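Below is one structure, written out as structure tokens; comments come after it.
Predicted, not measured: the structure shown is a model, and the values here were computed from it. For ligands, and for the atoms within them, numbers begin at 1 and follow the listed sequence.
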Amino acid sequence: MKYIPTIGLEIHTELNTDSKMFCSCKNNSLEPRANVNICPVCMGHPGVLPVINGEAVKKVVKTGIALNCKIAKDSRFERKNYFYPDLPKGYQISQYALPLCENGFLEINRRKIGITRIHLEEEAAKLIHQKDGTLVDFNRAGIPLMELVTEPDITSGEEAHNFARELQLILRYLGVSSADMEKGQMRVEVNVSLRTGEKLGTKVEIKNLNSFRTIKKALEYEIVRQTEVLESGNKVIHETRGWDDKKQITVSQRSKEEAHDYRYFPEPDLPPLELSDDYISTIRCQIPELPHNKRIRFKQEYFLKDEDIEIFVFNKDLGEYFEQVVSEFQVWLEDKNNKEVGEKEYKDLAQSASNYILTDLSGLLNGMSVEDKNFRITAENFAEFISILYKKEITSKIAKIVLKEMFEKGSDPSDVIDEKGLNQVENEQELEQIVSDIISSNLRAVDDYKNGKENALQFLIGQAMAKTKGRAKPDILEKLFTKLLN
Ligand code: ADP
Ligand code: ZN
Ligand code: MG
């Protein structure tokens with residue numbers, strides 16, 4: 001391609017603290033009743049004093065550490081001055097010259113995407129536009145907002161999409177935000193330009209992208225549009241564009257010819273934010289295993305397919321359930337004290353547990369979480385279920401019946417098998433009777449078999465299997481048919 005796409009992201013995330021950024025009002029951006037979580041501080045009344053929410057600072061520092069940033073031991077809050085009806089004070093308390101976190105990176109498919117900075121600021125109120133005017137809901141005003149800015153290191157819509165998705169996953173692992181894009185808890189603005197050499201081209205900023213899919217689509221659309229502008233000998237205009245979801249295009253919103261002057265200055269009502277080494281290292285110790293490391297560990301410990309690992313990493317609760325099930329096998333195998341066999345069995349059992357969790361169990365769950373109190377299959381019972389299957393004590397067809405019963409009643413798999421009489425028919429005499437019945441009632445297939453048609457035997461085995469309601473071992477049936485037919 002002649003033009004190289006250059007993309008940088010600006011991502012705002014609402015932090016899930018109990019209270020707002022500078023007052024003790026409840027932090028709940030989803031509160032349905034308007035203007036209930038408000039006070040003189042977040043309403044911008046004169047003479048009030050803000051107080052820094054320590055929990056919010058902690059959450060930004062946590063994010064910064066997880067994203068390999070340098071954490072500032074000395075940072076400042078500043079006033080960003082502008083007028084808008086959603087901003088009662090006439091300024092937003094933000095960070096400018098000295099942000100909390102700088103110079104980090106996030107690796108996406110082995111490419112390091114630089115993170116310029118992460119800072120803390122406050123959310124504005126919500127404007128509700130109606131036919132005859134606009135209403136303001138201040139519940140959202142003053143909610144802690146984290147802004148992350150990347151370097152222009154991203155080169156495609158796909159990569160921007162993957163970055164945003166991975167970031168969301170990390171924020172959820174860290175427990176700093178639900179980061180739900182549809183609910184506006186995570187908002188992604190993209191900056192995109194084209195270049196031919198080292199020098200960066202004129203960028204366009206795209207706003208109101210409310211899903212991962214639209215980030216990718218809007219960028220792909222914009223890259224084509226800018227290519228056409230340049231190819232026709234024109235210049236890209238420095239502007240803000242919006243995504244029109246109906247028409248699936250970007251549209252010009254306003255040109256950026258003049259830079260805003262926000263007249264930033266240090267917030268006089270707040271002290272500098274000073275963090276000790278101890279404070280930072282304590283937070284460092286609280287960082288859980290992150291998605292990237294989890295992928296590597298799942299591969300090394302359980303030898304699963306990448307696609308399956310991805311599902312367990314994305315659905316953290318399902319991944320944790322899988323690990324609990326596997327740890328039950330460990331106990332079981334340690335009892336047997338046989339290392340050689342142990343490793344192969346362990347691998348097979350883990351694979352089988354993963355398969356059953358991702359297919360049959362997920363089907364039964366139908367969107368319900370394994371953490372829901374109505375989910376009643378203990379990890380121990382699930383592990384037992386998988387080992388019964390592994391020992392070929394039931395067929396995969398019977399397994400479905402057993403699992404469904406376990407899911408509905410929370411029962412132990414061996415109890416289900418006993419109660420429902422699902423035990424394998426092992427008595428060869430009993431089976432031989434069934435086989436000979438099938439032979440005498442399927443003479444046509446018997447003829448076919450004798451004439452060398454291999455699938456005739458499979459048909460006969462299938463008939464016998466149906467007769468035993470799936471409780472016979474296929475290999476024993478095959479042995480008996482071959483014996484009686486020859
Ligand atoms: P502005 O002053 O317009 O806010 P910044 O320099 O603060 O611009 O950058 C904002 C975002 O735009 C960052 O994510 C940055 O990586 C990205 N960016 C900067 N220049 C370009 C460019 N020429 N093309 C694409 N993205 C860019
Ligand atoms: Zn308040
Ligand atoms: Mg900027």
Side-chain angles (χ1 to χ4, degrees), residues 3-12 17-29 31 35-45 48-53 56 80 82 88-89 93-97 99 102-106 112-119 122-125 137-144 147-157 159-160 163-164 167 187-207 209 215 218-219 222-223 226 230 235-241 253-262 264:
Y3 300 106
I4 306 161
T6 302
I7 300 163
L9 309 180
E10 291 166 289
I11 303 178
H12 284 90
T17 53
D18 291 335
S19 55
K20 289 189 181 180
M21 188 60 227
F22 299 111
C23 60
S24 56
C25 288
K26 197 160 178 244
N27 168 3
N28 178 12
S29 66
E31 168 62 59
N35 297 312
V36 291
N37 299 322
I38 56 172
C39 75
V41 176
C42 54
M43 291 294 286
H45 290 193
V48 297
L49 286 175
V51 177
I52 299 171
N53 181 337
K80 178 179 179 177
Y82 67 97
K89 296 196 293 285
I93 304 181
S94 181
Q95 294 192 299
Y96 187 58
E102 279 183 294
N103 285 329
F105 67 86
L106 172 57
K112 277 185 185 170
I113 308 299
I115 289 164
T116 317
R117 56 187 281 153
I118 310 175
H119 73 242
E122 54 179 338
E123 180 78 289
D137 179 0
F138 290 94
N139 286 334
R140 223 181 60 175
I143 284 180
E147 178 174 345
L148 178 152
V149 182
T150 78
E151 289 293 298
D153 289 344
I154 297 169
T155 57
S156 69
E159 195 171 40
F163 180 97
L167 177 68
R187 305 190 289 270
V188 181
E189 283 152 26
V190 305
N191 296 270
V192 51
S193 65
L194 298 180
R195 64 190 161 93
T196 47
E198 284 298 301
K199 193 170 167 289
L200 297 188
T202 305
K203 75 177 163 95
V204 161
E205 182 174 344
I206 313 170
K207 287 187 191 277
L209 303 169
I215 294 173
L219 280 166
E222 190 58 23
I223 289 167
Q226 290 184 20
L230 295 174
K235 283 195 174 132
V236 171
I237 301 166
H238 185 199
E239 64 182 349
T240 301
R241 297 177 74 88
Q253 286 185 332
R254 59 188 140 93
S255 99
K256 278 205 162 177
E257 283 310 300
E258 303 139 70
H260 284 286
D261 184 354
Y262 293 116
Y264 281 99

Short side-chain donor-acceptor distance under 3.5 Å, [Y] and [X]:
{"X": "K20", "Y": "N27", "value": "no"}
{"X": "R140", "Y": "S29", "value": "no"}
{"X": "T116", "Y": "E151", "value": "yes"}

Going from CZ on R241 to CD1 on I206, what distance comes out if it is rounded to the nearest 0.5 angstrom?
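One gets 8.0 Å once the value is rounded to the nearest 0.5 Å.
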
Ligand-side contact atoms (ligand 1) for residue partner [X], heavy atom cut-off under 4.0 Å:
{"X": "N191", "value": "11 (C), 12 (O), 17 (C), 25 (C), 26 (N)"}
{"X": "S193", "value": "22 (C), 23 (N), 24 (N), 25 (C)"}
{"X": "L9", "value": "14 (O)"}
{"X": "T150", "value": "13 (C), 14 (O), 15 (C), 16 (O)"}
{"X": "G201", "value": "23 (N)"}

Pairs of nitrogen or oxygen atoms closer than 3.5 Å, one from I7 and one from ligand 1: do any exist?
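Not met; the criterion fails.
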
Considering distance alone, does some N or O of H238 sit under 3.5 Å from an N or O of ligand 1?
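No, no N or O pair falls under 3.5 Å.
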
Cation over ring, K112 on F105, under 6.0 Å and within 45°?
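Verdict for F105: a cation-pi partner in K112.
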
Under 4.0 Å from ligand 1, counting heavy atoms only, is it the side chain of [X], its backbone, both or neither?
{"X": "T202", "value": "neither"}
{"X": "V149", "value": "side chain"}
{"X": "E151", "value": "backbone"}

Where the Zn ion (ligand 2) is the vertex, angle from C25 SG to C23 SG to 10°:
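Centred on the Zn ion (ligand 2), the SG/SG angle is 110° (to 10°).
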
Determine whether a donor-acceptor pair (N or O, by modelled atom type, separation under 3.5 Å) exists between the side chain of N191 and the backbone of I7.
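Flag not set: sc N191 to bb I7 has no pair under 3.5 Å.
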
For Y82 and Y262, take the angle between the two ring planes, folded into 0 to 90°, and tell me which bin it lands in: parallel under 30, tilted 30 to 60, perpendicular over 60.
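Correct class here is perpendicular.
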
More than 12 foreign heavy atoms under 6.0 Å from OH of Y264: is that the case here?
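Enclosed: over 12 neighbouring heavy atoms sit under 6.0 Å from OH of Y264.
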
